[in-house]
Amino acid sequence: MRYSELFTKTSKTSPADETARNAQLLIQAGFIHKEMAGVYAYLPLGMRVLENIKQIVREEMNALGSHELIMTSLQRKELWETTNRWDDEVVDVWFKTELKNGTPVGLAWSHEEQITNMMKNYISSYRDLPANVYQFQTKLRNELRSKSGIMRGREFVMKDLYSYSRSDAEHQAFYDAVTAAYLRVFDRVGLGDITYVTSATGGAFTKYSHEFQTISDAGEDTIYVNKDKKIAINEEVYNDEALAELGIEKTGLEKVKAAEVGNIFSFGTEKCEQLGLYFTDDDGVDKPVVLGSYGIGITRLMGVIAEHFSDDKGLVWPEAVAPAKVYLARLGDNEAVVSQADELYELFNNRGVSVLYDDRDVRPGQKFADADLMGIPYRVVISDKTVAANIYEFKARQSDQASQLNLDDLLKTLDITT
Ligand code: ATP
Ligand code: MG
């Protein structure tokens, strides 16, 4: 990507109408655009981060033997009535509208009902189970407050996975596999150390559900965490009885603010019974399917990463999600500099190394400031000086120290095989 072709611009000042640090930084760096409170567009650099996060999640979900699909955003009222979730008193985040002929439709805030109903077309025998599907979907929720930037959107991207199992045992095994896969996801995006499986409010089937909570001052939740034992319990269920049931000791628990980046949930057979999803087991008996529901807030996760990995100069993306691995800054436009920078850009492209090539005619200070604000992990500078000395100036975003490297060492340092 050439910066001269990128339409977005960074801004020297933080947006006045944002209090959340994630949104302030992301807007300032040109990653997102605010349409209104809780509603953000993802610009080219922001979209790259989003896609990187999605790809990590996708790989882990595929490894579970789960298949990706995409459901609709317009939903039928009747289906939600079947499970008593159309009522605004029951679900307080509905956006609703109607067709020209007056037929009411809901704008999707979740998809358990739709996917489960659809599965009736495909699941009728034990041979059809287990079935596990997931999607990345833009959910629409009329949230009362949206002051946390992209961490609480009225329109936001969620990864939601649904598991259809034959028995509680089969369900539990998959539930445990998802738990492990989620921990791998949070590890891969750099939040492994501060993300905890947290016991939280359950549903009709289980007394507790499991949330994945990342410690963050920007989070809206409060949890009690034992950092040594890597366990946590949400404030909303924290009491002596729950601690006893969960086998959690009170000593060693620390109260912290956290952001719920994921949530996994057992529905038992209740929802499939309501919607009529049954299968014939190998004993010839018709039984309801066991449902599990597993969410990750993709855009919230991006916000949490932005909050956590930032400093006074801007964003500091972990390499796994960064919009580019290298920020290549060309200083000045002398022919030798231009041709060496173009060559290195070419080489990076050929090796599949993502690079943002700052080929603009602006002052060096502006280029360095942008590299820092955008949080690209590595910066390479090519100038009259470096060309004369036949070296490249290299600096990691997190380091204060630049080093002078020859081409071989530069490629080695960047893990590029020659
Ligand atoms: P919260 O308690 O934060 O409102 P929730 O319990 O409503 O979350 P779920 O319906 O379980 O969340 O959604 C799954 C995941 O989607 C959550 O764990 C969270 O990461 C994310 N999420 C939920 N609501 C939002 C939102 N308004 N904006 C961004 N992400 C969200
Ligand atoms: Mg909610």
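These numbers were taken from a predicted model, which means no experiment stands behind them. Start at 1 and go down the list; that is how both ligands and their atoms are numbered.
For the pair R379 and F368, the cation-pi criterion (under 6.0 Å, within 45° of the ring axis) is fulfilled.
Set against the non-hydrogen atoms of G153, the atoms of ligand 1 under 4.0 Å away are 26 (C), 27 (N), 28 (N), 29 (C). Listed by atom number, the atoms of ligand 1 under 4.0 Å from M158 heavy atoms are 13 (O), 14 (C), 16 (O).
For an aromatic pair to be called close, the ring centres must be under 6.0 Å apart, and Y182 with H210 fails this.
Listed here is the closest heavy atom pair of T13 and S11: O-OG, 2.8 Å.
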Please set out all donor-acceptor pairs under 3.5 angstrom arising from side-chain atoms of residues 30-43, sequence neighbours excluded.
unit_1	atom_1	unit_2	atom_2	d
K34	NZ	D17	O	3.2
K34	NZ	E18	OE2	3.0
Y40	OH	E18	OE2	2.6

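Taken to the nearest 0.5 Å, the OG1 atom of T83 stands 4.5 Å off from the NZ atom of K271.
In this structure, M151 counts as a contact residue of ligand 1, since one of its heavy atoms falls inside 4.0 Å of the ligand.
Using a 4.0 Å cut-off between heavy atoms, N263 contacts ligand 1 through both its backbone and its side chain. At a heavy-atom distance under 4.0 Å, atoms from both the backbone and the side chain of R152 approach ligand 1. At a 4.0 Å heavy-atom cut-off, ligand 1 touches E143 through the side chain alone.
Ligand 1 has a nitrogen or oxygen under 3.5 angstrom from a nitrogen or oxygen of R300.
Evaluated by nearest non-hydrogen atom to atom 18 (O) of ligand 1, the leading choice among M302, E260, E112 is E260.
More than 12 heavy atoms of other shown residues, nucleotides or ligands fall within 6.0 angstrom of atom CG in N350.
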